[in-house]
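Just below is one structure, and these are the notes that go with it.
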Amino acid sequence: MRKKIIWIVLGYLCLATIGIPLLVTMAMGGFQQQHMQEAKVLYGLQDYMQAEQKKTKPQKANHALEAYVVGVVAAEMPASFPDEALKAQAVAARTYQVRKMEETGSTKVLYDVGQAYADEAAQRKKWGQQYETYAKKIKQLVAETESEIMVYEGEPILAVFHAQSCGKTENSENVWVQKIPYLKSVDSRGDLQAPDNSVTVTKSAKAVKQALSSYGDIGVSAEALSFDNIKRSPAGYIQQVTVGSKTLTGLQVRQALGLRSADFTVDRNGDDFVFTTKGYGHGAGMSQYGAKALADEGMTYHAILQHYYTGISFDHIV
């Protein structure tokens, strides 16, 4: 009788430790390896990291990601900016990094994705005697947004940003051709009060011709060179301009001549051209000085981000 009871107990133990977990696993869609591969395709970092906890140690990966975000915020935005603007920058930087990690299938932080980054040495050099104050401030603000990202239809967004706009941000298709639903032109009039929002530079006609000739023969001499038939987007950025015999985009002119933005006016003054630009950067996504202006008005970082990235929502990566 005692042996029979022992065998019954052992049977229940086997069912509890092996049979039930097996059934649950199958009901949830298969074994861990199958789920990991599926999740990596369907969503990415969140499910991928959860599925490979033992291999990737997400706690350490998250620590590295948060430390990276601190470095980006320190490099990309003045530490004297209001808290809500800095938190908006933290979420944008984290979202951008997470998206890039997903695109490359990386479980490690990538440092060459286009965002500036300042390590401790760079921060000490940048802030000098204010290092302790600013480092503490930024670490605290990043911690208050820990693991938070922006998503659109369940996916991390391409959270691009720039220093300041011309008073309005630009549609993505007017910058990179591709139309992205959450990168739409929005009001950013606070940028007009930003330092050096309007800047004038003078360049010789010969230098302008030489620089623009990188796109091909301009077809006219430096003396006969002119900018004509300028077409702008509703936000104000130049979309098309005729230079000599060539038709170029405002972005091409900006890149060739090193201008601050593609919203510019140009006048001929003897042997020189005088360019006056508005804003600084490509103009799409969040404006950093615009975020400051909105924070100064009392907006939270969530509201700031929802203003610049149309139709997004928020999620956490763990």
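Computation of the quantities below employed the complete heavy-atom set of this structure, encompassing side-chain atoms and omitting hydrogens, waters and symmetry-equivalent molecules. Note that the coordinates shown come from a computational prediction; the quantities given were computed from them, not determined experimentally.
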Give me the atom names and distance for the closest heavy-atom approach of [X] to [Y].
X      : Y      : answer
Gly285 : Tyr309 : CA-CE2, 3.9 Å
Gly190 : Ala293 : CA-CB, 3.8 Å
Ile149 : Pro156 : CD1-CG, 4.0 Å
Ala90  : Val73  : CA-CG2, 3.6 Å
His302 : Glu148 : NE2-OE2, 2.6 Å
Ser106 : Leu110 : OG-CD2, 3.7 Å

Compute the centroid of each ring, for [X] and then for [Y], and state whether the two points are separated by less than 6.0 Å.
X      : Y      : value
Tyr308 : Tyr182 : no
His162 : Tyr280 : no
Phe227 : Phe273 : yes

Same hydrophobic cluster for [X] and [Y], using side-chain heavy-atom links shorter than 4.5 Å among ILVMFWY?
X      : Y      : answer
Val266 : Leu259 : yes
Ile230 : Phe264 : yes
Leu158 : Val91  : yes
Tyr237 : Val186 : no
Ile218 : Leu251 : no

Quick one: does any side-chain atom of [X] pair with a main-chain N or O of [Y] as donor and acceptor, under 3.5 Å?
X      : Y      : result
Lys126 : Ala74  : yes
Arg268 : Gly270 : yes
Glu84  : Tyr301 : yes
Gln288 : Glu76  : yes
Lys203 : Leu257 : yes
Asp119 : Ala122 : yes
Gln123 : Tyr131 : no
Thr276 : Thr265 : no
Arg260 : Ser198 : no
His307 : Asp187 : yes

Quick one about [Y] and [X] (side-chain donor to acceptor, distance below 3.5 Å, no hydrogens or angles considered), yes or no?
X      : Y      : result
Ser226 : Asp228 : yes
Thr145 : Arg94  : yes
Asp191 : Ser287 : yes
Ser233 : Glu170 : yes
Gln115 : Tyr68  : yes
Ser185 : Thr169 : no

Task: Residues Glu132 and Lys136 bridged, charged N to O under 4.0 Å - done: no
Task: Salt-bridge contact Asp83-Lys87 (side-chain N to carboxylate O under 4.0 Å) - done: no
Open item on the list: Could you go through Asp267 and Asn269, starting from their C-alpha distance and side-chain angles, then the distance that decides it, and tell me whether this counts as side-chain contact (heavy atoms from CB on, under 4.5 Å)?
Closed with: CA-CA 6 Å; Asp267 295 297; Asn269 184 17; over 6 Å; no
Task: Residue pair Val241, Lys231: steps toward the side-chain contact (heavy atoms from CB on, under 4.5 Å) verdict - done: CA-CA 6 Å; Val241 57; Lys231 296 180 180 179; over 6 Å; no
If you measure from [atom1] on [X] to [atom2] on [Y], what distance do you get to the nearest 0.5 Å?
X      : Y      : atom1 : atom2 : answer
Ser172 : Leu183 : OG    : CG    : 5.0 Å
Arg254 : Phe275 : CZ    : CZ    : 14.0 Å
Leu305 : Phe161 : CG    : CZ    : 11.5 Å
Thr95  : Met150 : OG1   : CE    : 4.0 Å
Gln252 : Ser214 : CD    : OG    : 8.5 Å
Phe81  : Lys137 : CZ    : NZ    : 10.0 Å

Are side-chain heavy atoms of [X] and [Y] found at a separation under 4.5 Å?
X      : Y      : value
Met101 : Thr107 : no
Val253 : Ile238 : no
Pro181 : Thr310 : no
Lys246 : Leu212 : no
Ile317 : Leu65  : yes
Arg232 : Gln239 : no
Lys179 : Asn171 : no
Tyr134 : Ser80  : yes

Open item on the list: Heavy-atom count check: over 12 atoms from other residues, nucleotides or ligands less than 6.0 Å from Glu173 CD?
Closed with: yes
Task: Gln210, CD: over 12 other non-hydrogen atoms inside 6.0 angstrom - done: no
Open item on the list: Show, in sequence, the C-alpha distance, side-chain angles and deciding distance for Glu102 and Arg99, and conclude whether the salt bridge (Lys or Arg N to Asp or Glu O under 4.0 Å) test is met.
Closed with: CA-CA 5 Å; Glu102 287 194 4; Arg99 183 182 177 94; over 6 Å; no
Open item on the list: Quick one, Thr200 with Val274, criterion side-chain contact (heavy atoms from CB on, under 4.5 Å). Give me CA distance, side-chain angles, the key distance, then yes/no.
Closed with: CA-CA 7 Å; Thr200 298; Val274 179; 3.4 Å; yes
Task: Derivation and outcome, side-chain contact (heavy atoms from CB on, under 4.5 Å), residues Val69 and Gln97 - done: CA-CA 9 Å; Val69 173; Gln97 171 66 212; 6.0 Å; no
